[in-house]
Amino acid sequence: SFKTTKLRGPPRTDLIYGASKRIFESPDAGAIYEVWAKEYGVVFEVPTTLGGAKIMLTDPRALAHYYARETWTYVQTESARFFLQRHFGRGILWSQGEDHKRQRKSLTPAFSQAAIRHFTPIFYNSAHKTKIAWEAMIEASDGGSAIIEVQSWMNHISLDTIGLAGFSHDFGSLDGKRSLITELFDTFGSFSKRSAVDVGLLLLSQVIPLLSFIPTSRTKLLREVQRTMEDIPTELLARTRKEKEEGVLDGKEDRSIIGVLSTFRDCYLRLPLQAVYAK
């Protein structure tokens, strides 16, 4: 027989959702886990939906061990892979084992030392724009202080940085520009938009993946984000091919992630275009 160590953890206060609903609806789930770590130790068990349970690691050495061997010893649940495949494709987030190793290797050209050096100014530029905006908010407020919604700003930093580094596309969200993808991300991060039905179906779909096919406001947003993010590299590759044919590039190359990968298309001859986008 197989015997495991009994772990301490918070009680199951909800017969259906365990502690999952409380965590999901909390504006600061990290604070909940911090309290539990202090009470139950660096490794504890959390009750989840429909009688399930998950193990939480807060010890740095345990986390290092987990992530170093994640794609071989520790695999994702089927429900997690189903979610990733449906909304993000069969990319590196979805893959495991040999497939994950192969996809990591195919991404090497886009993450070489030279490529990373090219991306560094993009990161600095996003941080500099944020610094200027925050200083302006503080100066404009009374008393020389201001309350800043950091998470919202981090979403915009990530969006602009990923747009430029990943697709050579400037969303301009840090400059105050409004676009469909910016509005989608802002809406997606709004807690006020989550209905009880959306939350219930999301948590239940982690156990019963087929429930994720039921349309909700959250799944519709995810699909819209996916469609918008797919349109950007499609337009970029089409524009690059056209410019090459017309000689507009004149030896210049797009050094974004998708641009570098398109240069190394030989690596993807056995993969459909959607698989390249998923990466």
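These numbers come from the heavy atoms of this one structure, side chains and all, not from hydrogens, waters or symmetry mates. Every value quoted in this text rests on a predicted model; they were computed, and no experiment measured them.
Grouping the Ile, Leu, Val, Met, Phe, Trp and Tyr side chains by contacts below 4.5 angstrom, directly or via other members, places Leu174 with Ile148. Under the 4.5 Å side-chain heavy-atom criterion for Ile, Leu, Val, Met, Phe, Trp and Tyr, Ile92 and Phe119 are members of the same hydrophobic cluster. By the rule that hydrophobic residues join a cluster once side-chain heavy atoms approach within less than 4.5 Å of another member, Ile16 and Phe24 end up as members of one cluster.
Atom OG in Ser95 sits 11.5 Å away from atom CD in Gln85 (nearest 0.5 Å). The distance from the NZ atom of Lys21 to the CD1 atom of Ile23 is 13.5 Å, given to the nearest 0.5 Å. Interatomic distance, OG1 of Thr5 versus CD1 of Ile55, reported as 9.0 Å (0.5 Å rounding). For the atom pair CG of Leu63 and CZ of Arg61, the computed distance is 12.0 Å after rounding to the nearest 0.5 Å. To the nearest 0.5 Å, the span separating NE2 on His156 from NZ on Lys177 amounts to 14.0 Å.
Scanning for salt bridge (charged side-chain N to carboxylate O under 4.0 Å, His left out) contacts around Lys131 gives Glu135, with sequence neighbours left out. Here Tyr124 pairs with nothing under the ring pair (Phe, Tyr, Trp, His ring centres under 6.0 Å) rule; sequence neighbours left out. Under the rule for a salt bridge (charged side-chain N to carboxylate O under 4.0 Å, His left out), Asp170 has no partner lying at least two apart in sequence or in another chain. Scanning for side-chain contact (heavy atoms from CB on, under 4.5 Å) contacts around Phe171 gives Leu159, Asp160, His169, Ser179, Ile181, Met229, Ile232, with sequence neighbours left out. With sequence neighbours left out, Lys6 forms a side chain to side chain donor-acceptor pair (under 3.5 Å) with no residue at all. Applying the salt bridge (charged side-chain N to carboxylate O under 4.0 Å, His left out) criterion to Lys129, with sequence neighbours excluded, gives Asp175. Remark: Ala62 pairs with Leu57, Asp59 by the side-chain contact (heavy atoms from CB on, under 4.5 Å) rule, at least two apart or across chains. Listed by chain and residue number, Ser79 satisfy the side chain to side chain donor-acceptor pair (under 3.5 Å) test with Thr77 (two or more places apart in sequence, or in another chain). For Ser141, the side-chain contact (heavy atoms from CB on, under 4.5 Å) partners at least two apart in sequence or on another chain are Ala146. Take Gln113 and apply the side-chain contact (heavy atoms from CB on, under 4.5 Å) test, not counting sequence neighbours, and it matches Arg117.
When each of Glu98, Arg104, Arg102, Gln103 is checked for a side chain to side chain contact (heavy atoms under 4.5 Å, CB included) with His100, only Arg104 meets the rule.
Annotation: side chain of Thr161 is not in contact with side chain of Ser158 (no heavy-atom distance under 4.5 Å). At least one side-chain heavy atom of Trp134 sits under 4.5 Å from a side-chain heavy atom of Met137. Side-chain contact check for Ile157 versus Phe123: every heavy-atom pair is 4.5 Å or farther apart.
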For a quick test of your reading: what N or O donor-acceptor pairs under 3.5 Å do the side chains of residues 29-51 make, sequence neighbours left out?
unit_1, atom_1, unit_2, atom_2, d
Tyr33, OH, Lys54, NZ, 3.4
Thr48, OG1, Gly52, O, 3.1
Thr48, OG1, Ala53, N, 3.0

Validation: residues 199-216 side-chain donor-acceptor distances under 3.5 Å, sequence neighbours left out:
unit_1, atom_1, unit_2, atom_2, d
Ser205, OG, Leu201, O, 3.2
Ser205, OG, Leu202, O, 2.6
Ser212, OG, Pro209, O, 2.6
Thr216, OG1, Arg218, N, 3.4
Thr216, OG1, Thr219, N, 3.2
Thr216, OG1, Thr219, OG1, 3.2

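Shortest non-hydrogen contact noted between Trp94 and Arg81 is O-NE, 3.0 Å.
Distance alone, capped at 3.5 Å, is enough to place a donor-acceptor pair between the Thr130 side chain and the Ser126 backbone.
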